[in-house]
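Beneath this line is the structure, given in structure tokens, with notes to follow.
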Amino acid sequence: MTDRYFENFMREETSTVEGADEEERSVGLHKESQDSLLKLLSMPYPTLSARLKSAAIDLKQTVVGKTWGFTLERNRRISDFTLYTGALGTAFLLFKSFQVTDNRNDLNLCSEIIKACDPASLHARAVTFICGRVGVCALGAVVAKHQANQQMLEYYLAEFKGIKVNEDHPDELLYGKLGFLWACLFLNKNLGDGVIPSTFTRALVNKVIKNGRKLGVGSRCPLMFKWFGQRFWGAAHGLAGNMYVLMHFDLPSDVVEDIKKTLKYMIENRFPSGNYPSSEEENTSDLLVHWCHGAPGMALTLVKAAEIFDDKEFLEAAIDAAEVVWKRGLLKRVGLCHGISGNAYVFLSLFRLTGNVEFLYRAKAFACFLLDRAGKLISEGEMHGGDNRYSLFEGVGGMAYLFLDMIDPANARFPGHEL
């Protein structure tokens with residue numbers, strides 16, 4: 001073991017089960033070990049999927065009890081409404097559970113929590129899906145659609161469109177402009193193209209590009225952005241997250257070229273290990289293998305670039321980043337932002353793009369590690385349960401979400417990032 005991650009001892013050998021579907025191929029392990037984790041990994045996928053589903057539902061109930069139930073018992077107002085560490089993360093987990101199980105009790109409780117988040121989010125400074133009122137309104141509108149509640153759908157959409165984004169908001173995903181644009185894309189995906197028209201987003205997209213070009217002047221990187229004085233590279237606050245969002249919009253050819261050149265600049269200046277610096281200013285410390293900073297978040301962006309641009313360089317770089325995650329991504333934390341749950345989505349993203357069963361195996365390996373060992377390791381103090389233990393992005397809420405996504409891995413998406 002190292003200070004940051006567990007050594008990955010899960011060696012793989014691939015064989016095809018006769019008559020199995022592509023994603024049900026058995027990717028086994030060396031048979032000399034009878035470890036419980038290795039037994040989980042040797043299960044046929046439908047059997048493992050049932051185990052993960054059961055564990056996810058149990059975890060969901062725990063998360064609801066520890067977050068929403070705790071609030072009700074003490075008759076307190078919601079102190080943290082956000083998707084990242086607060087009540088909206090519980091709502092998002094419930095919505096995912098509804099999508100997987102079709103349990104309308106989950107949908108109704110999700111709606112109830114969103115309604116409680118509504119007043120709590122009124123004075124939020126962030127304008128993003130993950131940390132702002134934007135997330136409350138966007139998720140509220142989508143849930144209202146599933147409930148066939150036209151009145152609430154119109155209410156949340158009107159509230160969403162009334163949120164103002166200004167130059168003071170940073171150019172990043174977690175708190176700023178790109179997080180607002182992501183929410184627009186989320187609404188269009190779930191409610192239909194044109195619900196948030198391009199006329200609504202165009203000026204903001206253009207402003208982001210203008211800011212990025214201004215900061216990139218004089219460097220080999222055409223686009224660059226600052227957050228708290230640093231030019232970050234990662235998914236949460238920097239280039240990886242920004243490029244991912246921008247690639248979803250209809251852009252002029254010169255902007256598309258800037259995005260490609262920005263990504264290639266990052267590839268050219270990655271660490272020899274294949275990992276990525278956290279920022280231009282902190283480019284000598286090859287430590288972080290997180291969604292927020294490092295190879296995992298960059299891999300998700302490179303997968304999208306490979307898909308959109310049909311460029312082998314981006315796909316090869318994504319696979320290289322995934323190798324870093326496989327070797328150093330069994331972090332001593334459970335969450336999405338900086339934990340094993342988030343890192344598993346690198347392999348799911350590559351599996352979705354390529355159909356290569358090796359990537360499904362690796363996602364399964366990370367999920368099985370969590371299923372088999374997370375509880376014990378946390379209780380023994382060998383693993384960090386998260387500063388907000390039951391939250392979506394830091395705690396076991398993210399683990400439950402991953403387990404639900406593993407049931408249909410070809411359609412898995414990193415929550416709040418992939419679309």
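- Proximity of H169 to Y175: side-chain heavy atoms (C-beta onward) are nowhere separated by under 4.5 Å.
- Side-chain rings of H293 and F232 approach one another, their centers coming within less than 6.0 Å.
- A donor-acceptor contact under 3.5 angstrom links the side chains of Q147 and N108, judged on distance only.
- Taking the side chain as every heavy atom from C-beta outward, T262 and N242 never approach each other to under 4.5 Å.
- Residue-environment remark: CG (D254) exceeds the threshold of 12 foreign heavy atoms within 6.0 Å.
- Closest approach of Y156 to C137, counting heavy atoms only: CB-O, 3.4 Å.
- A cation-pi arrangement, defined by a distance under 6.0 Å to the six-membered ring centre and an angle within 45 degrees of its axis, is present between K264 and F314.
- The side-chain hydrogen bond (donor to acceptor under 3.5 Å, both in side chains) test with H237 is passed by exactly one of K226, Q230, E172: E172.
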**OP:** For side chain to side chain contact (heavy atoms under 4.5 Å, CB included), just list the numbers for V205 and L251, CA-CA rounded to whole Å, side-chain angles, deciding distance to a tenth of an Å, and then say yes or no.
**Re:** CA-CA 9 Å; V205 170; L251 302 169; 3.8 Å; yes
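- Scanning both residues, Y276 and A321, for their nearest heavy atoms gives CE1-CB, 4.4 Å.
- Side-chain atoms of N269 and P277, non-hydrogen and from C-beta on, never get closer than 4.5 Å to each other.
- With respect to the salt-bridge test (charged N to carboxylate O, under 4.0 angstrom), the residues E281 and R231 qualify.
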Original post:
Under the salt bridge (Lys or Arg N to Asp or Glu O under 4.0 Å) criterion, do E112 and K115 qualify, and how do the steps go?
Top reply: CA-CA 5 Å; E112 184 181 338; K115 287 177 182 177; over 6 Å; no
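- A heavy-atom distance below 4.5 Å is found between the side chains of K304 and H248.
- Closest non-hydrogen pair, C110 versus F95, comes out as SG-CB, 4.0 Å.
- In this structure, W182 has its ring center no closer than 6.0 Å to that of Y244.
- Taking the six-membered ring for Trp and the full ring otherwise, the centers of F393 and Y84 sit less than 6.0 Å from each other.
- Annotation: the span from I113 atom CD1 to D118 atom CG amounts to 14.0 Å, rounded to 0.5 Å.
- Ion pairing of D372 with R51 is absent here, as no side-chain N (NZ or NE/NH1/NH2) approaches a carboxylate O to less than 4.0 Å.
- Closest approach of V63 and Y390 over heavy atoms only: CG1-O, 3.4 Å.
- Counting only heavy atoms from C-beta outward, the side chains of L336 and Y345 approach each other to under 4.5 Å.
- Salt-bridge formation is detected for the pair E159/R133: a Lys NZ or Arg NE/NH1/NH2 atom is positioned less than 4.0 Å from an Asp or Glu carboxylate oxygen.
- Of the charged side-chain nitrogens involved, none lies within less than 4.0 Å of a carboxylate oxygen, so that K261 and E257 do not count as a salt-bridged pair.
- Taken from CG in L315 to CG in L350, the straight-line distance is 7.0 Å, to the nearest 0.5 Å.
- Between T85 and the choices D80, D387, N388, T67, the side-chain hydrogen bond (donor to acceptor under 3.5 Å, both in side chains) rule is met once, by D80.
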**OP:** List the steps and the verdict of side chain to side chain contact (heavy atoms under 4.5 Å, CB included) for S54 and D58.
**Re:** CA-CA 6 Å; S54 176; D58 288 345; 4.2 Å; yes
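- Here Y361 and Y45 keep their ring centres 6.0 angstrom or further from each other.
- A distance of 10.0 Å separates CD1 of I340 from CG of L402, quoted to the nearest 0.5 Å.
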Original post:
Checking side chain to side chain contact (heavy atoms under 4.5 Å, CB included) for the pair L109/N105: CA distance, chi angles, key distance, verdict?
Top reply: CA-CA 6 Å; L109 181 54; N105 290 332; over 6 Å; no
Original post:
Under the side chain to side chain contact (heavy atoms under 4.5 Å, CB included) criterion, do K96 and D405 qualify, and how do the steps go?
Top reply: CA-CA 8 Å; K96 180 65 178 181; D405 252 341; 2.6 Å; yes
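- Side-chain contact between M43 and L40 is present, with at least one heavy-atom pair separated by less than 4.5 Å.
- Test I130, L392, I114, T82 against L88 for side chain to side chain contact (heavy atoms under 4.5 Å, CB included) and you get one pass: I114.
- Around atom CD of E380, more than 12 heavy atoms belonging to other residues, nucleotides or ligands sit under 6.0 Å away.
- A 4.5 Å side-chain heavy-atom check between F180 and F160 finds at least one atom pair inside the cut-off.
- Atom SG of residue C368 and atom CG of residue L41 lie 4.0 Å apart, to the nearest 0.5 angstrom.
- Classification of E358 and R362 as a salt-bridged pair holds, one side-chain N sitting under 4.0 Å from a carboxylate O.
- Annotation: the span from S273 atom OG to D286 atom CG amounts to 3.5 Å, rounded to 0.5 Å.
- Once rounded to the nearest 0.5 Å, the distance linking CG of L181 with CG of L204 reads 4.5 Å.
- Checking each of R413, R352, K189 against E418 for a salt bridge (Lys or Arg N to Asp or Glu O under 4.0 Å) leaves exactly one that passes, namely R352.
- Between L185 and F249 there is a side-chain heavy-atom pair separated by less than 4.5 Å.
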